[in-house]
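Heads up, the thing below is written out as structure tokens.
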There are 2 protein chains.
Amino acid sequence: MDKKIATIQDVAAQAGVSTATVSRTLSKPSVVAKATREAVLAAVDRTGYRVNATASNLRRQRTGSVIALVPNLANPFFSQILAGINSVLHPVGYGLLIADTQAGPNLEDRLSAYLQSSMADGLILFDGTLSPEALKNPGRPPVVLACEWMDDDLPSVCTENARGAALAVGHLFDMGHRQIGHITGPQGNVLSETRLTGYRDALAERGLAARPDWVFDGDFSMDSGAAAAQKWLRLERRPTALFCSSDEMAIGFMGAVQHRGIRVPEDVSLVGFDNIEVVEHLTPALTTIRQRRTQIGEQAARLLLDMIEAGTLSGPSQTVEVELICRDSVARISD
Amino acid sequence: MDKKIATIQDVAAQAGVSTATVSRTLSKPSVVAKATREAVLAAVDRTGYRVNATASNLRRQRTGSVIALVPNLANPFFSQILAGINSVLHPVGYGLLIADTQAGPNLEDRLSAYLQSSMADGLILFDGTLSPEALKNPGRPPVVLACEWMDDDLPSVCTENARGAALAVGHLFDMGHRQIGHITGPQGNVLSETRLTGYRDALAERGLAARPDWVFDGDFSMDSGAAAAQKWLRLERRPTALFCSSDEMAIGFMGAVQHRGIRVPEDVSLVGFDNIEVVEHLTPALTTIRQRRTQIGEQAARLLLDMIEAGTLSGPSQTVEVELICRDSVARISD
DNA sequence: GAAATTGTTGTAAACGATTGCGGTTTTTTT
DNA sequence: AAAAAAACCGCAATCGTTTACAACAATTTC
């Protein structure tokens, strides 16, 4: 039947009113009289009309979508956060655009392109390696930092990383461990560094020394966990426990040492970070710091929406709780 | 300085040309004279102008983005596919919108809303439980089915599920197994069913009977794998090997049985499906069917782009290869 | 050297909605 | 019953581009 897709004009003609009335019926029904409203709605129904988002957005000077900038989309860690974001964005008519910061080369350029090009009404940033300065264009849309806490000027939603680290080494200490190592996240990443200093502080607080050869460089990936395992194996004096800055690294480490016949937790205890879904199905199930990823996404999205509506560039930074989940990867040491 | 964001008018004024020329300089530089072109580009630079995507899209009758409809965004399986999609979309100026089919209730309605509302130039669909009819609106944008092969009219990109199943049970058979079970994916899902019949056919081909109590209902999740393990444990006569329709279910199964002191692969052999990243770090590392997720995304995106450009609603369905990855979760049986 | 061709630019009409402003009614107030 | 207020609706401008068409200049062809 209808080859062409109906426009607001068609509806107006059908209903015998002006386009203004049609528009109002759809956005603010209360201001149009009942009779006309019904006529319009009937016409909408008949024509199968749907408002053209592009035209509407142009007129209203907005885009109706927000961009989530994630480093490495393929990392499953983010998908749950994205789900959280989407769950608050979708009901209020916003779309979620995703972009991978890893994809191209000239990141800072692309970032400022995103900021300026009016492709989105706001931006949620997950990449902790960006310089905050790049984000401070005048006339930019609101930005929310998620998972990172780079800058005091920019609002952010962030897990209590330092506290997580403290919980982890505290638990290891309580279980009798005195030789506690650490696998870090990528260098230059704020998360990594907060967790690292959290680890150091927690040790110091308990009168323990942080041996530099007991902290292994990682990058959150399983492979880097496995690489740390190789270094650990070569150590003349090995820490009896490791706090890993991500579950994935803990998995990589565990896989690598088990492969060599080393038992977890009897020979080495592990605590991860994130509580990704898989870790409770491992053998042994991994003790870890839980980070509510959906909640991070939800809070970030809500914060951003508030900023968009209020037209402000700043907002209240928020924090999401962490929690120690005890499973089977930490042994009690008695001596 | 510049409070307001520059429009094409500003650039035109600065460069002393018309807006038409500015537009042309940016889109088809070859048709404008060198001198003017340089003047325009200089003005663009000076003003920091970026084309307003919304206005451009409105005029050009497109949206510049495609929607990926995924069931359950939180599932890490999809994130890699999305990365693949994004990697082809982004370079050519398309944005990727993601939507969760699980989120709301009236799915079919929302779907047709997506299709009509001109929010996207095309759609990539991952949800195998939708009725194909809903997709056949007249005047709809092109649709590509990914991971699923629901319908002959709709182009799709799909892994060789049946062949994957055949490879899996073939390998188990070759290793001496004669009692081979299966954990299925969710019912009503085309993937699950193709793999299930692939499994049955492979058994039949080798003269093996498919015992109904050896196929366990699952839904791709780890928990459902663990649940299958409980049933398996209660069996009076247990299959010596299981082909799992997803790696996650294999992980759940493995974790659960190991928890009971049962050894993999000595007591039960497992083959998964997908080759998600984690499985090679498990102990034992999981033998599985590799499915190139990034490639699925890339092919689907390219196919869709072709359709969008050609303005057609159909295209060549494609297939992506599977491959058996042998690791340590299958034991050789000699008897 | 006139005619035809090619190259370069400007004019102005779209694209499809939203909304300030003002004009009619209708209702309420006095 | 006249005046004031409220409710309802239409006109037309506007959002920022793109692009057919026409105009004009420069070049080529005969």
Side-chain angles (χ1 to χ4, degrees), chain A residues 2 4-41 43-44 47-65 93 116-121 139 141 311, chain B residues 2 4-41 43-44 47-65 93 113 116-121 139 141:
Chain A
D2 297 327
K4 310 227 10 101
I5 185 168
T7 78
I8 201 174
Q9 317 268 3
D10 304 332
V11 180
Q14 280 260 340
V17 298
S18 74
T19 63
T21 303
V22 176
S23 177
R24 280 190 282 254
T25 316
L26 265 24
S27 50
K28 285 185 302 181
S30 62
V31 306
V32 344
K34 185 150 172 261
T36 26
R37 194 193 316 151
E38 281 165 358
V40 170
L41 291 179
V44 165
T47 54
Y49 170 73
R50 312 214 93 113
V51 349
N52 178 315
T54 312
S56 169
N57 288 336
L58 173 60
R59 175 60 224 247
R60 291 164 57 199
Q61 299 278 70
R62 57 159 232 163
T63 69
S65 52
Q116 304 226 346
S117 70
S118 65
M119 290 185 48
D121 299 326
Chain B
D2 298 326
K4 310 234 2 112
I5 186 167
T7 78
I8 201 174
Q9 316 268 5
D10 303 331
V11 180
Q14 279 261 339
V17 298
S18 75
T19 63
T21 303
V22 176
S23 178
R24 278 190 284 255
T25 314
L26 265 23
S27 53
K28 284 186 301 181
S30 63
V31 305
V32 344
K34 185 151 172 257
T36 24
R37 193 192 320 150
E38 282 165 357
V40 170
L41 291 180
V44 166
T47 54
Y49 170 72
R50 314 214 92 112
V51 352
N52 179 315
T54 312
S56 170
N57 289 336
L58 173 59
R59 175 59 224 244
R60 291 162 59 199
Q61 298 281 68
R62 57 159 232 163
T63 71
S65 51
Q116 304 225 349
S117 71
S118 66
M119 291 186 47
D121 300 325

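The shown structure was predicted, so the numbers you read here are calculated from the model rather than taken from an experiment. Reminder, nothing fancy here: chain letters follow the sequence lines and each chain counts from 1.
When every heavy atom of A:Leu58 is checked against every heavy atom of B:Ala55, the shortest pair comes out as CD1-CB, 3.8 Å. Nearest heavy-atom pair, B:Leu26 versus B:Tyr49, reported as atom, atom and distance to 0.1 Å: CD2-CE2, 3.6 Å.
To the nearest angstrom, P of C:dT8 lies 13 Å from NZ of B:Lys28. Distance, B:Asn57 CG to C:dC15 C1': 11 Å, rounded to whole Å.
A:Ser23 places no side-chain N or O within donor-acceptor distance of the main-chain N or O of A:Thr19, the cut-off being under 3.5 Å.
Judged as a side-chain hydrogen bond (donor to acceptor under 3.5 Å, both in side chains), and not counting sequence neighbours, B:Arg24 has no contacts.
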Self-check item: Base-contact (B) and sugar-phosphate-only (S) positions in nucleotides 11-18 of chain D, heavy-atom cut-off under 4.0 Å, - elsewhere
Solution: B-BBBBBB
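Which of D:dG10, C:dT8, D:dC9 sits closest to the side chain of B:Ala33 comes down to C:dT8.
Side chains of A:Thr63 and A:Asp121: a donor-acceptor N/O pair is present below 3.5 angstrom, by distance only.
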